[in-house]
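In what follows, chains are A, B, ... by sequence order, proteins preceding strands, each numbered from 1. Only this structure's heavy atoms are used, side chains among them; waters, hydrogens and symmetry mates stay out.
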Amino acid sequence: MDCLLSEEVVAEIRRSLLDWYRRNRRDLPWRREKNPYKTWVSEIMLQQTRVDTVVPYFERFMEQFPTLEALAEAPEEQVLKAWEGLGYYSRARNLHAAVKEVVANYGGKVPDDLERISKLKGIGPYTAGAILSIAYDKKAPAVDGNVMRVFSRLFALTDDIAKVSTRKKMERLAETLIPDEAPGDFNQALMELGALICSPTSPQCLFCPVLSVCDAYRLGMEEELPRKKKAKPPTEEEVAILLITCGMHFLVEKRPDQGLLAGLWGLPTIGWSDQKEMESILEFCDQKQIPATKFMIKGQFEYIFSHRHWKVTVMTVETPDTGWEVPENWKWVTKETIGEITLANVYHKALQL
DNA sequence: AAGACGGGGCC
DNA sequence: GGCCCAGTCTT
């Protein structure tokens, strides 16, 4: 690796990238002050999520939980509500648990060393490096998808970026490149370059500050890199989403705290197979002792998670009154009060029908 | 090493 | 409509 990089190339990359970043960095809400808590929240929100999506969530989150202590004291329901629609909800639950731990064990100060910060829930190698470098000026690599794409092209690396060994190789590369003076800016420069210039498709090479040292550009293979094994397609599942009603009221269910959409509220959902839709629904109502008087199919739609593909049937189930004993973790809501709970997107979509 | 875990943008 | 984006935890 070191044989790959001459002193001159290292110096050129550092200088050009930092210079470019200081002139082209986007003005983002979490970049306005150096604050480990804000860096932390922003980095968690930015995992698998675009900047444009995160900005409004981040601003609302900071209004609601301006400090680490405020977040630590908040009820989990409120934290999940603030995360509603962002996806990967375990990020919010892990962040909340970790912030509580920082208050309990570290006097409310985010640890500034790799060993301790890495033990916090939801902080893996990337986020640890991002917080340490951006908030604490430590020379720690922060290798995300942007950085792997930039490195793959800059050094014409054909390694599969889905592999752990490739990420480790990239981290060693980052360590040799990060300058002493501005580790945080340099890491952010790499990611900003990946977001703005060295984009996944049709990179803007002619505007790239490190074009002159880019191996992929020289070899004309920037569109073929990075190399990555294809993900397997999502598995197909047929489900029925039940709108169990009584007048203006309907039932919502608190989902278990493990698995899909953990800890969120949803509508009762039943998986089924082999055309046994109605059988499964009747069996479900029987088992939950739901006094159903009328069933009606309201519509169908498809909903794709990254790893599951739901073919959804939405069905209303009418019941005579709200006096019967509802299962544990269920409750009655109305159109007016539904906004108070955190409902996953797929159920918002079902309610539109 | 592979699978689980959401949602959104681009063409 | 089909393609792409991808950190961390669990198994």
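- Nearest-nucleotide positions on DNA chain B for A:Arg91 and A:Val164 put A:Val164 closer to the 5' end.
- A:Val239 and A:Leu242 fall into different hydrophobic clusters, where Ile, Leu, Val, Met, Phe, Trp and Tyr residues are linked whenever their side-chain heavy atoms come under 4.5 Å apart, directly or through other members.
- When every heavy atom of A:Thr293 is checked against every heavy atom of A:Pro320, the shortest pair comes out as CG2-CD, 3.9 Å.
- Looking at residues two or more places apart in sequence or on another chain, you find a side chain to side chain contact (heavy atoms under 4.5 Å, CB included) between A:Pro66 and A:Ala70.
- Residues A:Lys163 and A:Leu261 both approach DNA chain B. Their nearest nucleotides, taken by heavy-atom distance, put A:Lys163 toward the 5′ side.
- On the nucleic acid side, DNA chain B contacts chain A at distances under 4.0 Å to non-hydrogen atoms, with the end points of that region at B:dA2 to B:dG9.
- When every heavy atom of A:Met170 is checked against every heavy atom of A:Ile161, the shortest pair comes out as CE-CG2, 4.3 Å.
- Atom CG of residue A:Asp144 and atom OH of residue A:Tyr126 lie 5.0 Å apart, to the nearest 0.5 angstrom.
- Under 3.5 Å, the side chains of A:His309 and A:Glu238 contain no donor-acceptor pair of N or O atoms.
- Figure legend: A:Arg60 and A:Tyr57 shown as a cation-pi pair, the cationic atom lying under 6.0 angstrom from the six-membered ring centre and within 45 degrees of its axis.
- No side-chain donor-acceptor contact under 3.5 Å links A:Glu101 and A:Tyr106.
- A:Glu253 and A:Leu267 get closest at one heavy-atom pair: OE1-O, 3.6 Å.
- Each of A:Pro203, A:Pro209, A:Ser199 was scored for a side-chain contact (heavy atoms from CB on, under 4.5 Å) with A:Leu193, with one residue passing: A:Pro209.
- Taking the C1' atoms as reference points, B:dA2 lies 15 Å from C:dA6, given to the whole Å.
- Near DNA chain C, defined here as any heavy-atom distance below 4.0 Å, the residues from residues 126-151 of chain A are A:Tyr126, A:Thr127, A:Asp144, A:Gly145, A:Asn146, A:Arg149, listed numerically.
- Within residues 201-209 of chain A, no residue approaches DNA chain C, by heavy-atom distance under 4.0 Å.
- Atoms CZ (A:Arg93) and C1' (C:dT8) sit 15 Å apart, rounded to a whole Å.
- Residue A:Gln275 qualifies as open at atom CD: its count of foreign heavy atoms under 6.0 Å is 12 or below.
- Separating the P atom of B:dG6 from that of C:dT11 is a span of 15 Å, rounded to the nearest Å.
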Report all interatomic pairs (protein N or O, nucleotide N or O of nucleotides 9-11 of chain C) with separations under 3.5 Å.
| residue | atom | partner | partner atom | Å |
| --- | --- | --- | --- | --- |
| C:dC9 | OP1 | A:Gly122 | N | 2.5 |

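- Nearest heavy atom pair, residue A:Val210 against residue A:Ser16, reads CG1-CB, 4.1 Å.
- Within residues 38-65 of chain A, the residues approached by DNA chain C to less than 4.0 Å at the level of any non-hydrogen atom are A:Gln47, A:Gln48, A:Arg50, in residue-number order.
- Residue A:Lys349 is out of contact with every strand shown, counting any heavy-atom pair closer than 4.0 Å.
- Interatomic distance, A:Ile44 CD1 to A:Ile123 CD1, rounded to the nearest 0.5 Å: 5.5 Å.
- The aromatic rings of A:Phe284 and A:Trp330 sit parallel to each other, their planes meeting at less than 30°, with 60° as the upper class boundary.
- Contacts of A:Ser90 with the nucleic acid, taken as non-hydrogen atoms under 4.0 Å apart, are absent.
- Closest approach of A:Gly339 and A:Lys81 over heavy atoms only: O-NZ, 2.6 Å.
- Hydrophobic cluster membership is shared by A:Phe301 and A:Leu260, with clusters built from Ile, Leu, Val, Met, Phe, Trp and Tyr side chains linked at under 4.5 angstrom.
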